[in-house]
Amino acid sequence: MRPDARAWFAERTTTATSLADLDPGALLRAKRRGGHRVSVVLPARNEQATVGRLVADLREHWVHRVPLVDELVVVDSDSTDATAAVARAAGADVVATTDVLPEHGTRPGKGEALWKSLAATTGDLVVFLDADLLGDVSHYVPALLRPLLTDPQVRYVKGCYTRPLEVDGAVVPAGGGRVTELTARPLLNALWPELAGVVQPLGGEYAGRRSALERVPFVSAYGVEVGLLIDLLRAGGLSSLAQVDLGSRRHTSQGVEALGEMAGQVVATVLSRAGAGHPRSGALTQFRHDGTGFVPRTSDVAVDERPPMVTVPEYRARLAG
């Protein structure tokens, strides 16, 4: 690891693997002293099985017991199940991507939901959590907020964790994060070695200052996390980034074919940030075997991104108002 990456890892990595590692009362006082408003955003697509419990837990801990969170918003990204109804019943404010900035249309993908969430929320501190989290994650929100509330130099905080992988009932303690280990980490170490200390560059749990997030583009699909990491590094330097060890993260694992498509989107995003321009092909061809022969399946992994939110006229008008 390069010396600057090693120093960053040592100085900018904190640990909060449970609520016992945190002082929520002190964080609430820091929030009030700074005059902050906190928005928690859960981008969700077909997550009816997990989103309700997650929303209810967040509301109980951080809206009712300790009022650290001012807005709890689920951004529904074209769900075909009861995600929106379940989230609303659990107490979240629910918005559909199609209803936010309708003048700009809508696109598929997680990044679209994250980008539009900036227009649907008002907090100067924004926490993002995936909606498929399992188990007790009640400490995630205060842990991600702590660096932002205690260090004005920090603009963006990544969560990191071990990621157990369950396959056919067997659990591999740290087998998750396959796209990270096989795609994102090798690329980042080669092209941005100063980011070598980032444990989970693709992790879906992170927090940032609106003043930073609104000034960078958002890739519309699964390249959004690596795109944000690189763009915010460029905007604020390595010292503006921090990470928090949250312990363990359990979520719904996906199959190899879906992971391959994610990896293709990550590669396309990294290449675009590396100055290589757009890849010659925006398509990824994968193969299935139907018992007789190989059947090709091609998906679109081209970089499709939204501009910095601060450049959107409707958003600027809201800020001015």
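Throughout, numbering of the chain's residues begins at 1 and tracks the sequence.
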Atom of [X], atom of [Y] and distance for their closest heavy-atom approach:
X	Y	result
Glu225	Tyr222	OE1-O, 4.1 Å
Asp76	Ala84	OD2-CB, 3.8 Å
Leu148	Ala207	CD1-CB, 3.8 Å
Pro186	Thr180	CD-O, 3.9 Å
Gln265	Asp300	NE2-O, 4.2 Å
Pro201	Arg185	CD-NH1, 4.3 Å

Which value, rounded to the nearest 0.5 Å, describes the distance between [X] atom [atom1] and [Y] atom [atom2]?
X	Y	atom1	atom2	value
Leu144	Phe128	CG	CZ	11.5 Å
Glu103	Leu101	CD	CG	6.5 Å
Asp78	Thr106	CG	OG1	5.5 Å
Met262	Leu202	CE	CG	10.0 Å
Arg33	Leu149	CZ	CG	9.0 Å
Cys160	Leu246	SG	CG	6.5 Å

Candidate pair Gln243 and Gln200, rule side chain to side chain contact (heavy atoms under 4.5 Å, CB included), full reasoning: CA-CA 9 Å; Gln243 69 181 350; Gln200 294 288 354; over 6 Å; no
Where the side chain of [X] meets the backbone of [Y], is there a donor-acceptor pair that is under 3.5 Å apart?
X	Y	value
Asp124	Arg37	yes
Thr83	Gln48	yes
Arg215	Ser211	yes
Asp130	Asp132	no
Asn46	Thr80	yes
Thr121	Gly123	no
Arg210	Leu118	yes
Asp21	Thr17	yes
Arg53	Ala90	no

Exceeds 12 heavy-atom contacts within 6.0 angstrom, atom OH of Tyr315: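 Atom OH in Tyr315 is crowded, with more than 12 foreign heavy atoms closer than 6.0 Å.
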In the structure I gave you, are the side-chain heavy atoms of [X] and [Y] within less than 4.5 Å of one another anywhere?
X	Y	result
Trp8	Leu195	no
Leu233	Trp192	yes
Leu228	Tyr206	yes
Asp231	Pro217	yes
Leu134	Thr50	yes
Val127	Val69	no
Glu305	Thr269	no
Leu27	Leu145	no

By salt bridge (charged side-chain N to carboxylate O under 4.0 Å, His left out) - contacts of Arg316 (at least two apart): none
Trace of the side chain to side chain contact (heavy atoms under 4.5 Å, CB included) decision for Lys31 with Val66: CA-CA 12 Å; Lys31 173 198 169 185; Val66 181; over 6 Å; no
Shared hydrophobic cluster, [X] / [Y] (ILVMFWY, side-chain heavy atoms < 4.5 Å):
X	Y	result
Leu232	Val310	no
Leu28	Val38	yes
Leu238	Leu187	yes

With His61 via side-chain contact (heavy atoms from CB on, under 4.5 Å) - residues at least two apart: Leu19, Asp57, Arg65, Ser138
Test log, rule side chain to side chain contact (heavy atoms under 4.5 Å, CB included), inputs Val267 and Leu284: CA-CA 11 Å; Val267 169; Leu284 173 69; over 6 Å; no
Lys110 and Glu47: CA distance, side-chain angles, deciding distance, salt bridge (charged side-chain N to carboxylate O under 4.0 Å, His left out) verdict: CA-CA 13 Å; Lys110 178 183 179 181; Glu47 302 293 356; over 6 Å; no
Residue pair Glu261, Arg297: steps toward the salt bridge (charged side-chain N to carboxylate O under 4.0 Å, His left out) verdict: CA-CA 11 Å; Glu261 188 172 338; Arg297 172 184 175 271; 3.5 Å; yes
Residues Val219, Arg273; criterion side chain to side chain contact (heavy atoms under 4.5 Å, CB included); working and verdict: CA-CA 11 Å; Val219 176; Arg273 266 51 183 180; 4.0 Å; yes
Ser239-Gln153 side chain donor-acceptor pair, cut-off 3.5 Å: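 The answer is yes; a qualifying pair exists.
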No-hydrogen, no-angle side-chain donor-acceptor test under 3.5 Å, Arg318 and Thr122: no
Aromatic ring pairing Tyr140/Tyr161, orientation class (parallel under 30°, perpendicular over 60°, tilted between):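 Tyr140 vs Tyr161 ring planes: parallel.
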N-O pairing of Asp151 and Arg12 below 4.0 Å: yes
